[in-house]
Amino acid sequence: MTVNVLALGGIIQRLTARDKDGNYADVVLGFDDASEYSGPHPYFGALIGRFGNRIAHGRFLLDGQAFELARNHGDNHLHGGERGFDKHVWDADVTGDSLRLHHVSPDGDQGYPGELHVTVTYTLGDDDALQIDYHATTSKPTIINLTSHPYFNLAGRGSILDHELSVLAGRYTPVNSSLVPTGAIEPVDGTPFDFRTATAIGDRIGAASQQLEYAGGYDHNFVLDGKAGDLRLVASVAEPASGRIMEVLTTEPGLQFYSGNSIAAIEGKSGALYGPHAGFCLETQHYPDSPNHPNFPSTMLEPGAEYRSTTIYRFSTINTGQ
């Protein structure tokens, strides 16, 4: 198993995993040439910050003070703004099986308060697991919600609609037509969002549901079971033909499942033509638009405190479970 990570945006350019016959294939979407990531693409493999997902109207209050952020997705702020962490070259050093990336985001960057020092460490384990550890400190009270945005396809190419997904979440956060959470937290029971039992991604993606219509499929935050802060298993995906399995473990309270609905026709690795449902994302996170919903877990970071988060993508195969 190998992983290639770019200093540009901390992008996971390549990640190989073995199938049930012991053959390895690259299971993330992207480009063969690193220079292509400097052009437009849907955040293939990128580190996302300062704040993953959407903030309504690019606006939030912190200690009674209003802050205006860059609006780069209609009227909303998305994935850190016009020049988020995915568009910066990070300082990088390698120690053993770990890659350590560091970036300093200045006070006022994209509208965010405080100078933010961020370290992200990728570690490839002997158990076919890629661990991502996030750490940050700030000079002023601010908000933070870091994540990684790889698009997975456990078959290597083709559609992901036959991939079987399970998510350990009994609730999710519905969205409005702009895909921003309404503030409600609703049960998944009886909805197309119930993945507590493994279900093919495509089984209910076309069900009669206003939520699915808004997103053109799945692009929703799941409220994960278990205690946030504890590293725990939260999701798994199996691809029947290859026998590959990917498990997701995290300390985060939420998981954004995106079924790749809006991937535009784009030429990727080895000349593959990507399009809708060519890959899926499982982005560990705090809930989108959290600063504007007091009932959501806080994303505030104070001077003197430390932001820490861990996510693991662990691979195995159906026939061995190893």
Side-chain angles (χ1 to χ4, degrees), residues 1-48 79 85-101 103 120-134 146-160 163 237-239 241-249 258 260 263-275 277-284 311-317:
M1 185 176 179
T2 61
V3 61
N4 292 36
V5 179
L6 305 182
L8 171 63
I11 289 170
I12 299 172
Q13 181 186 21
R14 179 177 173 84
L15 177 64
T16 63
R18 61 190 170 93
D19 66 11
K20 61 188 178 183
D21 299 317
N23 300 311
Y24 284 80
D26 188 0
V27 296
V28 295
L29 305 190
F31 305 110
D32 291 317
D33 190 331
S35 66
E36 295 182 79
Y37 290 94
S38 297
H41 63 90
Y43 301 96
F44 283 146
L47 284 177
I48 302 297
H79 289 336
F85 287 178
D86 59 296
K87 295 178 177 64
H88 289 269
V89 176
W90 294 54
D91 296 329
D93 63 83
V94 176
T95 304
D97 293 326
S98 293
L99 168 68
R100 180 179 178 272
L101 299 178
H103 175 64
V120 180
T121 304
Y122 296 83
T123 303
L124 193 58
D126 294 334
D127 57 347
D128 285 350
L130 176 63
Q131 179 166 325
I132 308 175
D133 293 297
Y134 306 86
L146 304 182
T147 190
S148 181
H149 207 293
Y151 286 76
F152 294 101
N153 184 319
L154 300 186
R157 61 169 59 201
S159 172
I160 50 83
H163 286 47
V237 186
E239 200 283 304
S242 67
R244 290 188 181 93
I245 298 171
M246 183 181 77
E247 296 175 306
V248 183
L249 299 87
Y258 176 47
I263 301 175
I266 185 172
E267 185 175 335
K269 297 173 184 175
S270 302
L273 185 64
Y274 301 147
H277 314 306
F280 67 90
C281 302
L282 293 173
E283 305 155 63
T284 57
T311 291
I312 297 174
Y313 296 106
R314 185 170 64 197
F315 295 84
S316 60
T317 58

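A distance-only check finds no donor-acceptor pair linking the side chain of Tyr122 to the backbone of Ile12 [under 3.5 Å]. The backbone N or O of Ala278 sits less than 3.5 Å from a side-chain atom of Asn153, completing a donor-acceptor pair. Side-chain atoms of Asp21 never come within 3.5 Å of backbone atoms of Asn23 as a donor-acceptor pair (strictly under, hydrogens ignored). Not one N or O on the side chain of His103 forms a donor-acceptor pair closer than 3.5 Å with the backbone of His88. A donor-acceptor pair under 3.5 Å is absent between the side-chain atoms of Asp128 and the main chain of Ser316, judged by distance alone. The closest donor-acceptor contact from the side chain of Thr16 to the backbone of Thr2 lies under 3.5 Å.
Minimum heavy-atom separation, Ala34 to Gln13: N-NE2, 3.8 Å. Between Thr123 and Ser98, the closest heavy-atom pair is OG1-OG, 2.7 Å. Nearest heavy-atom pair across Val248 and Thr311 is CG1-CG2, 4.4 Å. The shortest non-hydrogen separation linking Ala129 to Ile312 is CB-CG2, 3.8 Å. Annotation for Ser148 and Gly45: closest pair OG-O, 4.3 Å, computed over non-hydrogen atoms. Closest approach of Ile263 and Gly279 over heavy atoms only: CD1-N, 4.0 Å.
For the atom pair Leu8 CG and Trp90 CH2, the distance stands at 11.5 Å (nearest 0.5 Å). Here CG of Leu130 is found 11.0 Å from CG of Asp97. Values are rounded to the nearest 0.5 Å. Arg14 contributes atom CZ, which lies 6.5 Å from atom NZ of Lys269 (distance to the nearest 0.5 angstrom). Going from atom CG of Leu273 over to atom CD1 of Ile266 covers 9.5 Å, rounded to the nearest 0.5 Å. One distance of note links CG of Asn4 with CD1 of Ile11; it measures 12.5 Å at 0.5 Å rounding. Rounding to the nearest 0.5 Å gives a distance of 9.5 Å between NE2 of His79 and NZ of Lys87.
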| query | Would Met1 and Leu124 satisfy side chain to side chain contact (heavy atoms under 4.5 Å, CB included), going step by step from the backbone distance to the final call? | reply | CA-CA 8 Å; Met1 185 176 179; Leu124 193 58; 4.1 Å; yes
| message | The test is ring-ring contact (aromatic ring centres under 6.0 Å, His included); show your working for Phe44 and Tyr37 and say whether it passes. | response | CA-CA 8 Å; Phe44 283 146; Tyr37 290 94; 7.2 Å; no
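No more than 12 heavy-atom neighbours from other residues, nucleotides or ligands sit within 6.0 angstrom of CG on Asp126.
Side-chain contact between Val237 and Ile160 is absent, with no heavy atoms from C-beta onward closer than 4.5 Å. Counting heavy atoms from C-beta outward, His149 and Asp86 have side chains that stay 4.5 Å or more apart. Between Tyr151 and Tyr274 there is no side-chain heavy-atom pair separated by less than 4.5 Å. Side-chain contact between Phe315 and Leu15: present, with at least one pair of heavy atoms (C-beta onward) separated by less than 4.5 Å. Between His163 and Met246 there is no side-chain heavy-atom pair separated by less than 4.5 Å. Considering only heavy atoms from C-beta on, Asp127 comes within 4.5 Å of Arg314 through its side chain.
In summary, Arg244 and Glu239 do not engage in a salt bridge, as defined by a charged side-chain N under 4.0 Å from a carboxylate O.
Using cut-offs of 30° and 60° for the angle between ring planes, the Tyr313 and Phe152 rings count as tilted.
Only one option out of Leu47, Thr121, Val89, Leu6 pairs with Leu101 in a side chain to side chain contact (heavy atoms under 4.5 Å, CB included); it is Leu47.
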